[in-house]
Amino acid sequence: MFFQYRNLFCVALAIGLLMAGSSRASEFMLTFDDGPLPGATDKVLHVLAGIRAEDGQPVKAGFFLLGAVQDAVERRKYFAPYEMWSEKGSLAAHPELVRQILATGHLIGNHSTHHAWFRWPWLNDTEAVREEISTWEKLAAGLLDPAAPRLFRPPYLVDTPAVRQAAAEAGYQVVMGVSSGDAAPLATPYAIVERVSGILSKWDQSIPCVLVFHDTRPATQQGLVEIVNALQARGFRLAHFDPARLKVRLPGT
Ligand SMILES: [Zn+2]
């Protein structure tokens, strides 16, 4: 009798552990903003080819690209005031990287033409957002499959009625996400893992968590494998980037 009770206790303990494990099994998807930039986007593509999603296949990510090169004057006009120095990509200047992203099976989204901060007084209306979206489209014409999903992510994840309206009018799905923290000046893979683990452990599991990385950031270029391995080791599940699964507005975004 004693042994039976002990067996029952073991079964209950095992079920409890399984349930505790499943409570941490949030899914995450990978997205990369601010390319395409040589020496950055190509590095990330190379690293991604060696990362497997939960189904065992090389993971598919989303790349939210910029349209045009930004010179010093444009940076002051468009970028947020706290990052005027930052180097970013351009699909007009680097179409070969756009082709490489598509050839490796990843998806591409519109991240505006100039990395516009839609809180500047001269950029905060629907017309300005519309202009940033449509200029990007002209620059991307001929590079993208017209039947591909139309995805838009505003720079700095600025979510305003003007952004939502302009994107909806142009037929775009807005894809927000959760910052990985890789844009912080002293970001390390360890700090990213700790930050993201904290978010995923509290995540609403009805929808995958879209993580926002930057292919332009050294911590991401050098640490992506380590970051994903650490998250998977903690029980979180890497899913392919699939915008059809995101047609719900993310909590807190
Ligand atoms: Zn960005």
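Every number for a ligand or one of its atoms is a count from 1 in the order of the listing. Note that the numbering runs from 1 along the sequence shown for the chain. Remember, it's a predicted structure, so these values are computed and weren't measured experimentally.
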message: Strictly under 2.8 Å of the Zn ion (ligand 1): which protein N/O/S atoms qualify?
response: Asp34 OD1, His111 NE2, His115 NE2
task: Can you measure from NE2 (His115) to CZ (Phe64) and round to the nearest 0.5 angstrom?
output: 12.0 Å
Just list the side-chain donor-acceptor pairs under 3.5 Å for residues 90-100, sequence neighbours left out, or say none.
| unit_1 | atom_1 | unit_2 | atom_2 | d |
| --- | --- | --- | --- | --- |
| Ser90 | OG | Gly67 | O | 3.3 |
| Ser90 | OG | Val69 | N | 3.3 |
| Ser90 | OG | Ala92 | N | 3.4 |
| Ser90 | OG | Ala93 | N | 3.0 |

- prompt: Would you say Glu169 has more than 12 foreign heavy atoms packed within less than 6.0 Å of its CD?
  reply: yes
message: Other residues, nucleotides and ligands only: do more than 12 of their heavy atoms fall within 6.0 Å of NZ on Lys77?
response: no
task: Step by step, work out the side-chain hydrogen bond (donor to acceptor under 3.5 Å, both in side chains) result for Asp34 and Thr216.
output: CA-CA 7 Å; Asp34 295 2; Thr216 50; 4.6 Å; no
query: Judged by modelled atom types alone, do Tyr190 and Glu226 share a side-chain donor-acceptor pair under 3.5 Å?
result: no
